[in-house]
Structure formats: structure tokens, C-alpha cells
Amino acid sequence: MTFQELKIIEPILKALTIQEYFVPTPIQAESIPVLLQGKDILGSAQTGTGKTAAFAIPILQNLHLEKQQNKSKRTIKALVLAPTRELALQIHDNFKEYGRNLDIKTTVIYGGVPQSKQVRVLNQGIDILVATPGRLLDLIQQRKLTLSNVSYLVLDEADRMLDMGFVKDVKKIVSMVKKERQTMFFSATMPNAIMSLAKEILDNPVRIMVSPEEETIDKIKQSIYYVEKKKKINLLVDLLKKKELKSVLVFSRTKHGANRIVKELDHLNIRAEAIHGNKSQGARQRALALFKAKRIRVLVATDIAARGIDVDELSHVINYDLPDVAETYIHRIGRTGRAGLGGSAISFCSQDEADLLKDIQKHIKMTIAVEKDSVYSIELTNTSFNVKNDRSSRNNKPTNHSKHQKSYSRKRTKNNKVKPKNFSKYDSRNQSKHS
Ligand code: AMP
């Protein structure tokens, strides 16, 4: 598959060549044709999959073609909502790069800085606006901009927006854009709250899913402890006595749970920090910086807060609680084992999580080795399951790459951009609305 085959227009193709994008990533190959046809999309994909280009290229192309037919005044026709300033800036940069040969203007607005410069740029007339919800609503209330001409709407990292408490703002903003519009909704996880938001704002969307390369799983040493729920903390403390656990990311299902773990560790003089949706962006960044600098050994995170974490040499991931969604298990353990280093993922499973464990094992097509070397190990019932071609019998051999996948393996390019990760399993289905 090439970008030419996706019917991308010449000026954008040229821009992509400058970016050294030669092969579309799976999410691009899936989404671009659908979006060029004007359909809505519900995408499960994380940052790192190439999803920005997946929505930015068709928006730029459609706007360019519309402009050729109808040379109307510049008004905001496309709106991209992102949860954080960092992501908004990154998306804006990408739009500028892909649209460098087009007469299309993009700008970005976010809070925490004076608004005057942003308003000045808006007044000059723009076509595409990338925004965080708070500042956008602020400026709308001050009548500095209107969304009444927006016919392309993107919600990026919707789960994180929800986690950060933006859901009301998002709904308000959606009510201000055109009813006849194309909507693109991306979220790394699809919990019920996200699915119901998606149902409200999408019209008969095509569902696109990209999950991380299975190979990651084979590189990571996985194990599981069966343990009583209330003894999980003791088990964690015991494990942290082992020196080889150099840098440990602990996943907690809830924000309160994450705080509790940090508090318990603190009592024992084990320095840890928690990051989750109730912490400010600043507090999260500080905790992350301490962790990256190896000044703290343990970082406790909820799934969504852990999204931005890119730590080289993370030796261990500990699933203190098993995730509700089996796919999240892969996202979590993929945090270790980066850059071919290998890594370890240790999971704790109490009796009430036995069904979750079965789902995970079914999903990753392998049985996870049970560790019994702790005084806190117990026996559980109802954990066994059968799977054809159990991956655990493959002796940790890496899976095969296809030629296509190899060509965009994650590495730095000449202009120091990170290439997307390898993704092998992706699946798109045309789903009817609310299915
Ligand atoms: P994203 O998931 O949009 O944040 O993209 C992740 C990284 O992949 C960014 O550094 C992009 O510049 C890069 N990227 C996106 N699409 C391609 C592609 N088709 N070929 C090579 N690199 C890409």
C-alpha cells in the first residue's frame, strides 16, 4: 500500500515525502479512504500509531478540494479537540507539515498563556483550529470566534479528555458545530463512558482498531502471582526488595487505589509517586521527571495517566490490579521491553479477578506463568482456559514481520522524528451506529 494508492493529492504527497513517510501505517491505510468518502470514524488507537496523519491528511485534502470549487471567506471549518497543550501543539505542527503546499491556515489555542496572541491569529482568518476545550470555550464566550461553520470535527484522546473532566465542555462544543459534519473520534481505550459519548456524537461510524504488535508480548517476561486482595501490598513490598526491579511502573485500576499504594509504600520509606486524572498536569510532569531521572524507583499510575509515559529502560511493569479490558494488558506491558531491551511484567490476581485473567490469556493467546515463590501466593479456582496455538509454548520466539510492517518500524529518521511502532494486528469493520 502506498500513499498514491490512497489517492492523496500531489501537494500532500510531496509534503509526506519531505517527512519521510513512505508507507501508510495500518491506521492510515484503514482510515484515509473512509474519511475521504466523508464517513464518521470511531478509532481505537494510541499516540504512536500515526493516527494524527490518519485524520489530518483527509481533512487537508477535503478542505483543499472544497476551496478549489468554492472560494469563500476563510472561516474555521475544521476543529480538532485535544486534552492537553502538548498534544494540541503536536497536532498543529503536523497539520502545518502535511499542509505546507496548500493554501490552508491552521492555528492552535490552549490555556495557561495570555490569549491576545491567539486572538490576533484567529482574526487573520484560519481554516483549521486545534484547541484544548477550556480555552476554546473561553474564547467562544468572549465572542472571539465561532464554530458555526465547522464541518470536520476531531476528538483526539477522548478517554483522556473524559478522565480530565472535560466531558461537559466537549458536549457543549459539539453542540456548537454544524449538525451536518464529519466526526472523527479517537480513544486508546473504549470504556462504557466513552462508548456512550461516541454514540451521542457519531453517525454510523466505521470502527477502526489498531493494537500493538504481538511481538512485544514475546519479548517480555510475563508472570503472575495469585494473591489475596488485601495482601497485594505486602507482595508488592516484598518484590520491591529485589534489586533487579530497578525502575517499576505499577498499574492501579483506580485513582484512590494509586494514592493508597503510594501512601503504604511511603510508610515503609519506599519513595513512590502517583499519577492519575485527579493530579494536575504540573504534578504529573514532576512525578514523571523524577521517575525518568531515576530519583524515584516506583511510579504508580492509572491507565490513562500512564499514556504519555515514555521511559527508556523501564525494567518492570507491575499490574497491581488486572485491567478490565484485556487489550489494555498489552498496552501496559508494552511500556517495558522497549528498544529490544526485554523487560518483565508481573501481574497480581485475586480471586475476584479470575475472569479478567481468563480474558487476558485468551486475548494474548497464551497462559501466563504462575509464580509461587512468595509467602503471599495462594491457589485460585477458575483460572484455567484452553487456547489453540498457545503462544507460551513458542519459547519466546519473536513472531514474523511482514515486509509491510518492517518498513515503518519505530526508529528515528534523519530529521529526528520518531517513527510509529510496529503494529501487526489491526482490524476495521463497518459497524452500524450504536453497535
Ligand atoms: P502519531 O501517532 O500521529 O503521534 O505519530 C507517531 C509518529 O509517527 C510521529 O513521529 C509521526 O511523524 C510518525 N509517522 C506518522 N505516519 C508515518 C508514516 N506513514 N511513516 C513514517 N512515520 C510516520
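Counting convention: from 1, in listed order, for ligands and their atoms alike. Only a predicted model underlies this, so the values are computations on that prediction, with no experimental measurement involved.
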Side chain, backbone, both or neither: which applies to Phe3 and ligand 1 if a contact is any heavy-atom pair less than 4.0 Å apart? side chain
If you measure from each non-hydrogen atom of Gln19 to ligand 1, which part falls under 4.0 Å: side chain, backbone, both or neither?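 For Gln19, there is no contact with ligand 1 at all, from either part.
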Residue pair [X] / [Y], side-chain heavy-atom distance below 4.5 Å:
{"X": "Pro133", "Y": "Met161", "answer": "yes"}
{"X": "Leu145", "Y": "Leu129", "answer": "yes"}
{"X": "Leu236", "Y": "Ile318", "answer": "yes"}

Looking at [X], which atoms of ligand 1 are within less than 4.0 Å of one of its heavy atoms?
{"X": "Lys51", "value": "1 (P), 2 (O), 3 (O)"}
{"X": "Thr52", "value": "1 (P), 3 (O), 4 (O)"}
{"X": "Gln90", "value": "4 (O)"}
{"X": "Val23", "value": "18 (C), 19 (N), 20 (N)"}

Test your reading of the structure: does [X] have an N or O sitting under 3.5 Å from an N or O of ligand 1?
{"X": "Pro24", "answer": "no"}
{"X": "Gly50", "answer": "yes"}
{"X": "Tyr21", "answer": "yes"}
{"X": "Glu20", "answer": "no"}
{"X": "Tyr98", "answer": "no"}

Working note: Asp159 + Thr189, criterion side-chain hydrogen bond (donor to acceptor under 3.5 Å, both in side chains); need CA distance, chi angles, decisive distance, verdict. CA-CA 7 Å; Asp159 49 359; Thr189 56; 2.5 Å; yes
With distance as the sole criterion, is a donor-acceptor pair present between the side chains of His64 and Asp103 under 3.5 Å?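 Judged by distance alone, the side chains do not pair up.
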Rounded to the nearest 0.5 Å, what separation is found between the CG atom of Asn192 and the CG atom of Leu197? 12.5 Å
Exactly one of Val154, Leu60, Ile91, Ile76 clears side-chain contact (heavy atoms from CB on, under 4.5 Å) with Ile128, and that residue is Leu60
For salt bridge (Lys or Arg N to Asp or Glu O under 4.0 Å), just list the numbers for Lys67 and Asp127, CA-CA rounded to whole Å, side-chain angles, deciding distance to a tenth of an Å, and then say yes or no. CA-CA 10 Å; Lys67 255 195 178 166; Asp127 304 285; 2.9 Å; yes
